[in-house]
2 protein chains.
Amino acid sequence: MAITKAQLFNEKQIKAAEFAKAISHPARIAILQILAKTNACYCGDITEELPLAQSTISQHLKALKSAGIIKGEIEGVRTCYCFDEENLAEFKSVMEAMINEISIPDSSCC
Amino acid sequence: MAITKAQLFNEKQIKAAEFAKAISHPARIAILQILAKTNACYCGDITEELPLAQSTISQHLKALKSAGIIKGEIEGVRTCYCFDEENLAEFKSVMEAMINEISIPDSSCC
DNA sequence: ATCGTATATCGTAATTTTACGATGAAAATA
DNA sequence: TATTTTCATCGTAAAATTACGATATACGAT
């Protein structure tokens, strides 16, 4: 990747790609599903449910947090991870808009 | 990545992650948008619209094809890329299901 | 004050991704 | 037949991703 020319893509494209990258690993999807379905929101809980080391789960949590999809609140010795409500809404709307944009055109050539 | 433990995640998670990875780069999103909005479906057309080398575009097209989202039909010296109708529908339904699953639970802890 | 628990971070290694130019292959054109 | 056009692939390099164990930090409990 010689020089990043990413600024030549538009904001929507970059944002959608970032969100997509955030969920481009089965472990991160699994983490989001766990957060959505259970009250297990501590790193330890998630580590118990997934076949990965604690440090790896922590890394994935960091990636999801960087993307803005989740936030982490420190509760003493632990950190409670949950969805970032506002950003989750943005995630969904950006992804849905993208999915809707990607469709077969009227005059499909093949 | 010592040993791939991906088989310990379920099929849906793996499929969704694969699709997400396919659109996790602005160039690939841009390519899909071009295919959706114009009749430019040749590698050369796309190369003209994006700030990347022809070989790089070809690589991105290959990635989208591997994910099944598009197909390529050889037309003499050129290749016409378009959406794979059936797989595109799967892409959309898998992604939408995933997005719907990811939601704030009733008893949010924080 | 010490010990145990939970998690983030560091160091490291293997793999994958991204990008480019150069080259090759195959069809169309001169 | 020779040339041009179009695209895929190769070779390569830089960077990012993924994973782990080890360690550091910080809080709570004893």
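The figures here come from the full heavy-atom set of this structure, side chains too, leaving out hydrogens, waters and symmetry mates. Everything quoted here is computed from the prediction, not taken from an experiment. Chain A is the first sequence line, chain B the second, and so forth, proteins listed ahead of strands; every chain is numbered from 1.
The backbone N or O of B:A22 sits less than 3.5 Å from a side-chain atom of B:R28, completing a donor-acceptor pair. Looking only at distances, a side-chain donor or acceptor of B:S66 sits under 3.5 Å from a matching main-chain atom of B:K62. Formation of a donor-acceptor pair under 3.5 Å by the B:K92 side chain with backbone atoms of A:S103 is not found in this model. B:K21 contributes no side-chain N or O that, together with a main-chain N or O of B:A67, makes up a donor-acceptor pair within less than 3.5 Å.
What separates CG of A:L8 from C1' of C:dT18 is a distance of 16 Å, to the nearest Å. Note: CD1 (A:I29) to P (D:dT18) measures 12 Å, nearest angstrom. The OH atom of B:Y42 sits 15 Å away from the P atom of C:dA27 (whole-angstrom rounding). Rounded to whole Å, atom P of D:dT18 lies 14 Å from atom NZ of A:K62. As a whole-Å value, the separation of A:E18 CD from C:dT17 P is 18 Å. The CD1 atom of A:I46 sits 10 Å away from the P atom of C:dA8 (whole-angstrom rounding). For A:L52 and C:dT7, the CG to C1' distance is 16 Å, given to the nearest whole Å. One interatomic measurement links the two molecules: CD1 of B:I57 to P of C:dA19, which rounds to 8 Å at whole-angstrom precision.
Regarding contacts with the backbone of D:dC20, a side-chain N or O of A:T56 is found under 4.0 angstrom from either OP1 or OP2. Side-chain N/O atoms of B:H60 include one lying less than 4.0 angstrom from OP1 or OP2 on C:dA19. For A:R28, a side-chain nitrogen or oxygen approaches OP1 or OP2 of D:dT18 to under 4.0 Å. Remark: A:Y81 is in phosphate contact with C:dA8, judged by side-chain N or O atoms under 4.0 Å from OP1 or OP2. Close to D:dA16, at under 4.0 Å from its OP1 or OP2, lies no side-chain N or O of A:K21. Within the structure, a side-chain polar atom (N or O) of B:H25 is placed less than 4.0 Å from OP1 or OP2 of C:dA19.
Contact annotation for A:K65: no contact, since no heavy-atom pair falls under 4.0 Å across all strands. Using a 4.0 Å heavy-atom distance criterion, A:T79 is classed as a sugar-phosphate-only contact.
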Problem set entry | Where protein sits on nucleotides 22-30 of chain D, one letter per nucleotide: B base, S sugar-phosphate only, - none, heavy atoms under 4.0 Å | B---BB---
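Taking every heavy atom of both residues into account, A:M95 and A:A16 meet most closely at SD-O, 4.0 Å.
Closest-nucleotide positions on DNA chain C for B:Q59 and A:G44 were compared, and the one nearer the 5' end corresponds to A:G44.
Each disulfide bond (SG atoms under 2.5 Å apart) pair with one or both residues in residues 69-106 of chain B, not counting sequence neighbours, appears once here: A:C110-B:C82.
Salt bridge annotation for A:E101-B:K37: present, with a cationic side-chain nitrogen under 4.0 angstrom from a carboxylate oxygen.
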